[in-house]
Amino acid sequence: MISDPCYTTELGAAFQGDSLRLLTELENESVDLVLTSPPFALQRQKEYGNREQHEYVDWLTTFARVVHQKLRCNGSFVLDLGGAYEKGVPVRSLYNFRVPIRFCDEIGFFLAEDFYWFNPSKLPSPIEWVNKRKLRAKDSVNTVWWFSKTEWPKADVTKVLAPYSDRMKKLIADPASFYTPKKRPSGHDIGSAFGRDNGGAIPSNLLQIPNSESNGQYLFRLHDRGSKTTSSTVSS
(Lines give C-alpha, C1' and ligand atoms only; values in the text may rest on other atoms or scores of the structure.)
Protein backbone atom coordinates (compact mmCIF):
# COMPACT_ATOMS: atom_id res chain seq x y z
CA MET A 1 0.00 0.00 0.00
CA ILE A 2 1.40 3.41 -1.01
CA SER A 3 1.71 5.89 1.88
CA ASP A 4 -0.44 9.01 1.82
CA PRO A 5 1.48 12.15 0.80
CA CYS A 6 1.95 15.13 3.10
CA TYR A 7 0.76 17.35 0.28
CA THR A 8 0.35 17.37 -3.47
CA THR A 9 0.65 19.99 -6.22
CA GLU A 10 0.26 19.91 -9.98
CA LEU A 11 3.97 19.03 -10.13
CA GLY A 12 3.79 15.99 -7.84
CA ALA A 13 3.56 14.86 -4.24
CA ALA A 14 5.73 15.03 -1.10
CA PHE A 15 5.99 12.19 1.40
CA GLN A 16 7.40 12.13 4.92
CA GLY A 17 8.80 9.01 6.53
CA ASP A 18 11.60 6.46 6.45
CA SER A 19 13.10 6.86 2.98
CA LEU A 20 14.08 3.20 2.71
CA ARG A 21 10.55 2.04 3.47
CA LEU A 22 8.98 4.59 1.14
CA LEU A 23 11.30 3.57 -1.68
CA THR A 24 10.24 -0.07 -1.40
CA GLU A 25 6.65 1.00 -2.09
CA LEU A 26 7.59 2.34 -5.51
CA GLU A 27 7.58 0.21 -8.64
CA ASN A 28 10.94 -1.02 -9.88
CA GLU A 29 12.48 1.08 -12.68
CA SER A 30 10.00 3.93 -12.11
CA VAL A 31 12.25 6.76 -10.86
CA ASP A 32 14.43 9.20 -12.83
CA LEU A 33 16.41 10.71 -9.96
CA VAL A 34 17.20 10.06 -6.31
CA LEU A 35 18.99 12.94 -4.59
CA THR A 36 20.02 12.66 -0.95
CA SER A 37 22.38 13.94 1.71
CA PRO A 38 22.15 11.36 4.51
CA PRO A 39 23.58 11.80 8.02
CA PHE A 40 27.37 11.68 7.66
CA ALA A 41 29.73 9.23 9.38
CA LEU A 42 30.86 11.75 11.98
CA GLN A 43 32.54 10.87 15.28
CA ARG A 44 30.17 13.07 17.28
CA GLN A 45 26.61 11.80 17.49
CA LYS A 46 23.96 14.15 16.18
CA GLU A 47 20.41 14.59 17.45
CA TYR A 48 19.00 13.18 14.21
CA GLY A 49 21.13 10.03 14.52
CA ASN A 50 24.15 8.94 12.52
CA ARG A 51 25.96 5.62 12.10
CA GLU A 52 29.44 4.81 13.34
CA GLN A 53 32.15 4.88 10.67
CA HIS A 54 32.82 1.13 10.82
CA GLU A 55 29.20 0.37 9.89
CA TYR A 56 28.37 3.38 7.75
CA VAL A 57 29.30 2.12 4.28
CA ASP A 58 27.39 -1.14 4.82
CA TRP A 59 24.34 0.82 6.01
CA LEU A 60 24.43 3.15 3.01
CA THR A 61 25.01 0.29 0.56
CA THR A 62 21.73 -1.29 1.73
CA PHE A 63 19.92 1.91 0.76
CA ALA A 64 21.75 2.13 -2.57
CA ARG A 65 20.71 -1.41 -3.58
CA VAL A 66 17.05 -0.41 -3.30
CA VAL A 67 17.71 2.83 -5.21
CA HIS A 68 19.30 0.82 -8.02
CA GLN A 69 16.16 -1.31 -8.30
CA LYS A 70 13.83 1.69 -8.44
CA LEU A 71 15.79 3.79 -10.98
CA ARG A 72 14.88 3.71 -14.64
CA CYS A 73 17.58 2.40 -16.97
CA ASN A 74 18.81 5.96 -17.66
CA GLY A 75 18.18 7.26 -14.11
CA SER A 76 20.63 8.83 -11.68
CA PHE A 77 21.47 8.69 -7.97
CA VAL A 78 23.18 11.80 -6.56
CA LEU A 79 24.74 11.53 -3.11
CA ASP A 80 26.21 14.35 -1.00
CA LEU A 81 28.67 13.27 1.71
CA GLY A 82 30.70 15.38 4.11
CA GLY A 83 34.22 14.47 5.15
CA ALA A 84 35.25 13.18 8.55
CA TYR A 85 38.31 12.36 10.64
CA GLU A 86 39.40 9.14 12.29
CA LYS A 87 38.69 9.05 16.01
CA GLY A 88 41.30 10.74 18.20
CA VAL A 89 43.84 11.54 15.47
CA PRO A 90 44.21 14.27 12.80
CA VAL A 91 43.86 11.76 9.95
CA ARG A 92 41.06 11.82 7.42
CA SER A 93 38.51 9.04 7.20
CA LEU A 94 38.19 7.38 3.79
CA TYR A 95 34.55 6.40 4.24
CA ASN A 96 33.19 8.82 1.61
CA PHE A 97 35.70 7.47 -0.94
CA ARG A 98 34.89 3.83 -0.15
CA VAL A 99 31.24 4.51 -1.04
CA PRO A 100 31.66 4.87 -4.84
CA ILE A 101 33.93 1.83 -4.96
CA ARG A 102 31.35 -0.31 -3.16
CA PHE A 103 28.43 1.03 -5.19
CA CYS A 104 30.15 0.44 -8.53
CA ASP A 105 31.89 -2.86 -7.75
CA GLU A 106 29.07 -4.57 -5.85
CA ILE A 107 25.79 -3.00 -7.00
CA GLY A 108 26.56 -2.16 -10.62
CA PHE A 109 26.39 1.62 -10.53
CA PHE A 110 28.58 3.78 -12.75
CA LEU A 111 30.22 6.95 -11.45
CA ALA A 112 28.93 9.44 -14.02
CA GLU A 113 30.80 12.34 -12.41
CA ASP A 114 32.32 13.49 -9.15
CA PHE A 115 31.42 16.93 -7.83
CA TYR A 116 32.97 18.87 -4.96
CA TRP A 117 30.83 21.32 -2.99
CA PHE A 118 32.92 24.18 -1.60
CA ASN A 119 31.01 26.01 1.11
CA PRO A 120 32.89 29.28 1.75
CA SER A 121 30.71 30.15 4.75
CA LYS A 122 31.23 26.87 6.61
CA LEU A 123 32.46 27.29 10.18
CA PRO A 124 35.99 26.03 11.01
CA SER A 125 35.95 22.37 11.98
CA PRO A 126 36.81 19.94 13.43
CA ILE A 127 37.35 21.99 16.59
CA GLU A 128 40.19 19.88 18.02
CA TRP A 129 42.47 19.90 14.96
CA VAL A 130 41.54 23.26 13.44
CA ASN A 131 40.44 25.66 16.19
CA LYS A 132 42.38 24.40 19.20
CA ARG A 133 45.63 22.83 18.02
CA LYS A 134 45.85 24.61 14.65
CA LEU A 135 47.08 21.45 12.91
CA ARG A 136 44.68 21.30 9.96
CA ALA A 137 42.81 23.63 7.60
CA LYS A 138 39.05 23.86 8.03
CA ASP A 139 36.96 21.19 6.31
CA SER A 140 34.83 23.11 3.80
CA VAL A 141 34.38 20.65 0.90
CA ASN A 142 31.80 17.89 0.49
CA THR A 143 32.01 15.12 -2.09
CA VAL A 144 28.95 14.81 -4.32
CA TRP A 145 28.83 11.53 -6.24
CA TRP A 146 26.65 11.24 -9.36
CA PHE A 147 25.87 7.55 -9.94
CA SER A 148 23.97 6.07 -12.86
CA LYS A 149 22.62 2.68 -13.95
CA THR A 150 24.11 3.06 -17.41
CA GLU A 151 27.14 4.73 -18.96
CA TRP A 152 24.69 7.07 -20.73
CA PRO A 153 22.29 8.48 -18.10
CA LYS A 154 19.68 11.10 -18.94
CA ALA A 155 21.49 14.46 -18.74
CA ASP A 156 21.70 17.86 -20.47
CA VAL A 157 24.29 20.35 -19.24
CA THR A 158 22.81 23.10 -21.45
CA LYS A 159 19.98 23.35 -18.89
CA VAL A 160 22.41 24.60 -16.22
CA LEU A 161 24.75 26.90 -18.13
CA ALA A 162 26.59 29.52 -16.05
CA PRO A 163 26.66 33.24 -16.96
CA TYR A 164 29.64 34.30 -19.06
CA SER A 165 32.36 36.35 -17.39
CA ASP A 166 32.76 39.98 -18.51
CA ARG A 167 35.95 39.02 -20.33
CA MET A 168 34.20 36.22 -22.20
CA LYS A 169 31.41 38.61 -23.22
CA LYS A 170 34.00 40.94 -24.74
CA LEU A 171 35.64 38.04 -26.57
CA ILE A 172 32.29 36.98 -28.05
CA ALA A 173 31.52 40.54 -29.14
CA ASP A 174 34.86 40.92 -30.93
CA PRO A 175 36.85 37.65 -31.07
CA ALA A 176 39.61 38.98 -33.34
CA SER A 177 40.60 41.65 -30.80
CA PHE A 178 40.99 39.26 -27.91
CA TYR A 179 42.01 35.87 -29.26
CA THR A 180 44.04 34.35 -32.11
CA PRO A 181 43.21 30.68 -32.78
CA LYS A 182 46.29 28.53 -32.25
CA LYS A 183 47.58 25.33 -30.71
CA ARG A 184 48.53 25.61 -27.05
CA PRO A 185 51.74 24.15 -25.54
CA SER A 186 49.56 21.45 -23.97
CA GLY A 187 48.66 20.23 -27.46
CA HIS A 188 45.06 21.43 -27.37
CA ASP A 189 43.97 23.01 -30.62
CA ILE A 190 41.70 25.96 -29.75
CA GLY A 191 39.90 27.13 -32.90
CA SER A 192 37.78 30.15 -33.78
CA ALA A 193 34.62 28.42 -32.51
CA PHE A 194 35.93 29.11 -29.00
CA GLY A 195 34.48 32.63 -29.34
CA ARG A 196 30.97 31.48 -30.26
CA ASP A 197 28.03 32.51 -28.08
CA ASN A 198 26.46 29.29 -26.78
CA GLY A 199 24.12 30.96 -24.32
CA GLY A 200 26.37 30.49 -21.31
CA ALA A 201 29.45 28.75 -19.95
CA ILE A 202 29.69 25.03 -19.22
CA PRO A 203 29.63 24.72 -15.41
CA SER A 204 32.50 23.03 -13.61
CA ASN A 205 32.28 20.16 -11.14
CA LEU A 206 33.33 22.53 -8.33
CA LEU A 207 30.13 23.82 -6.72
CA GLN A 208 30.74 27.02 -4.78
CA ILE A 209 27.53 27.52 -2.83
CA PRO A 210 27.36 29.09 0.66
CA ASN A 211 24.59 27.90 2.95
CA SER A 212 24.42 31.17 4.87
CA GLU A 213 20.88 32.02 3.80
CA SER A 214 18.67 32.61 6.83
CA ASN A 215 15.45 34.10 5.47
CA GLY A 216 14.70 32.34 2.19
CA GLN A 217 11.28 31.01 1.23
CA TYR A 218 12.31 27.39 1.78
CA LEU A 219 13.48 27.97 5.36
CA PHE A 220 10.54 30.27 6.04
CA ARG A 221 8.06 27.59 5.01
CA LEU A 222 9.81 24.95 7.09
CA HIS A 223 9.78 27.19 10.16
CA ASP A 224 6.14 28.03 9.55
CA ARG A 225 5.27 24.32 9.53
CA GLY A 226 7.53 23.45 12.44
CA SER A 227 9.41 21.08 10.15
CA LYS A 228 13.02 20.12 9.51
CA THR A 229 14.73 19.52 6.19
CA THR A 230 14.20 16.12 4.63
CA SER A 231 17.14 13.87 3.78
CA SER A 232 16.01 12.48 0.44
CA THR A 233 14.27 13.57 -2.71
CA VAL A 234 12.94 11.12 -5.27
CA SER A 235 11.86 12.31 -8.70
CA SER A 236 9.75 10.17 -10.97
Side-chain angles (χ1 to χ4, degrees), residues 17-24 26 28-29 31-119 122 125-126 129-130 136-155 203-209 211 229-235:
D18 184 285
S19 56
L20 187 59
R21 182 185 65 80
L22 290 172
L23 273 174
T24 59
L26 300 176
N28 289 346
E29 300 183 355
V31 176
D32 286 315
L33 171 67
V34 175
L35 172 66
T36 184
S37 180
F40 305 150
L42 305 177
Q43 295 295 348
R44 182 165 59 90
Q45 288 297 308
K46 298 287 189 176
E47 180 183 351
Y48 49 71
N50 49 301
R51 300 292 177 124
E52 296 286 344
Q53 286 189 14
H54 69 276
E55 61 180 355
Y56 188 90
V57 179
D58 288 337
W59 168 74
L60 197 56
T61 300
T62 300
F63 179 84
R65 291 186 190 280
V66 179
V67 171
H68 193 271
Q69 294 173 357
K70 304 305 174 180
L71 286 179
R72 292 192 172 101
C73 61
N74 62 350
S76 295
F77 175 28
V78 179
L79 180 64
D80 167 40
L81 292 176
Y85 276 79
E86 297 289 353
K87 191 170 185 177
V89 291
V91 176
R92 300 287 290 181
S93 168
L94 298 178
Y95 91 91
N96 51 330
F97 299 103
R98 299 186 197 280
V99 167
I101 295 174
R102 285 282 298 274
F103 285 14
C104 294
D105 287 354
E106 296 185 12
I107 302 176
F109 274 113
F110 296 93
L111 184 59
E113 191 159 9
D114 51 331
F115 290 85
Y116 300 90
W117 171 27
F118 167 50
N119 180 359
K122 192 171 183 179
S125 67
W129 311 129
V130 176
R136 297 290 183 268
K138 74 172 183 177
D139 184 6
S140 59
V141 175
N142 282 13
T143 52
V144 182
W145 308 124
W146 172 14
F147 299 104
S148 58
K149 288 185 71 171
T150 173
E151 297 98 325
W152 301 92
K154 180 181 179 181
S204 76
N205 66 338
L206 176 63
L207 312 174
Q208 183 169 330
I209 308 171
N211 66 342
T229 56
T230 55
S231 62
S232 298
T233 299
V234 178
S235 174

Side chain to side chain contact (heavy atoms under 4.5 Å, CB included) assessment of L81 paired with W145: CA-CA 8 Å; L81 292 176; W145 308 124; 4.1 Å; yes

Side-chain ([X]) to main-chain ([Y]) donor-acceptor, under 3.5 angstrom:
| X | Y | result |
| --- | --- | --- |
| R92 | E86 | no |
| W117 | I209 | yes |
| K138 | V130 | no |
| T150 | C73 | no |

query: Among all residues two or more places apart in sequence or in another chain, which pass the side chain to side chain contact (heavy atoms under 4.5 Å, CB included) test with R102?
result: V57, D58, T61, E106

- request: Would you please name every residue forming a side chain to side chain contact (heavy atoms under 4.5 Å, CB included) with N205, sequence neighbours left out?
  value: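 So N205 forms a side chain to side chain contact (heavy atoms under 4.5 Å, CB included) with E113, D114, F115, Y116.
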
Considering non-hydrogen atoms only, spot the tightest contact between [X] and [Y] and give its length.
| X | Y | result |
| --- | --- | --- |
| A112 | P153 | CB-CG, 4.3 Å |
| Y95 | A41 | OH-N, 3.6 Å |
| F110 | K149 | CE1-O, 3.5 Å |

Got a second to check how far [X]'s [atom1] is from [Y]'s [atom2], nearest 0.5 Å?
| X | Y | atom1 | atom2 | answer |
| --- | --- | --- | --- | --- |
| L207 | F118 | CG | CZ | 12.0 Å |
| D32 | S76 | CG | OG | 8.5 Å |
| N74 | E29 | CG | CD | 10.5 Å |
| Y56 | N96 | OH | CG | 9.0 Å |
| I101 | F109 | CD1 | CZ | 15.5 Å |
| D80 | W146 | CG | CH2 | 16.0 Å |

field: F103 vs L60, side chain to side chain contact (heavy atoms under 4.5 Å, CB included): CA-CA, chis, key distance, verdict
entry: CA-CA 9 Å; F103 285 14; L60 197 56; 4.0 Å; yes

task: From the options V34, L35, T36, select the one residue that forms a side-chain contact (heavy atoms from CB on, under 4.5 Å) with V78.
output: L35

field: Ring-ring centroid check F77 H68, cutoff 6.0 Å
entry: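 Distance test on ring centres: not under 6.0 Å, no.
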
message: What I'd like to find out is whether the side chain of F147 reaches to under 4.5 Å of the side chain of P100, using heavy atoms alone.
response: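 The answer is yes; the side chains approach within 4.5 Å.
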
- prompt: Between D18 and L22, is any pair of side-chain heavy atoms under 4.5 Å apart?
  reply: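 No. Closest side-chain heavy atoms not under 4.5 Å.
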
query: Would F40 and N142 count as a side chain to side chain contact (heavy atoms under 4.5 Å, CB included) if you check the C-alpha gap in whole Å, the side-chain angles of each, and the deciding distance to 0.1 Å?
result: CA-CA 10 Å; F40 305 150; N142 282 13; 3.8 Å; yes

task: Just do the side chain to side chain contact (heavy atoms under 4.5 Å, CB included) check on S93 and Y85 with the steps written out, would you?
output: CA-CA 5 Å; S93 168; Y85 276 79; over 6 Å; no

task: Return yes if a side-chain donor-acceptor contact under 3.5 Å exists between N28 and K70, otherwise no.
output: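 Judged by distance alone, the side chains do pair up.
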
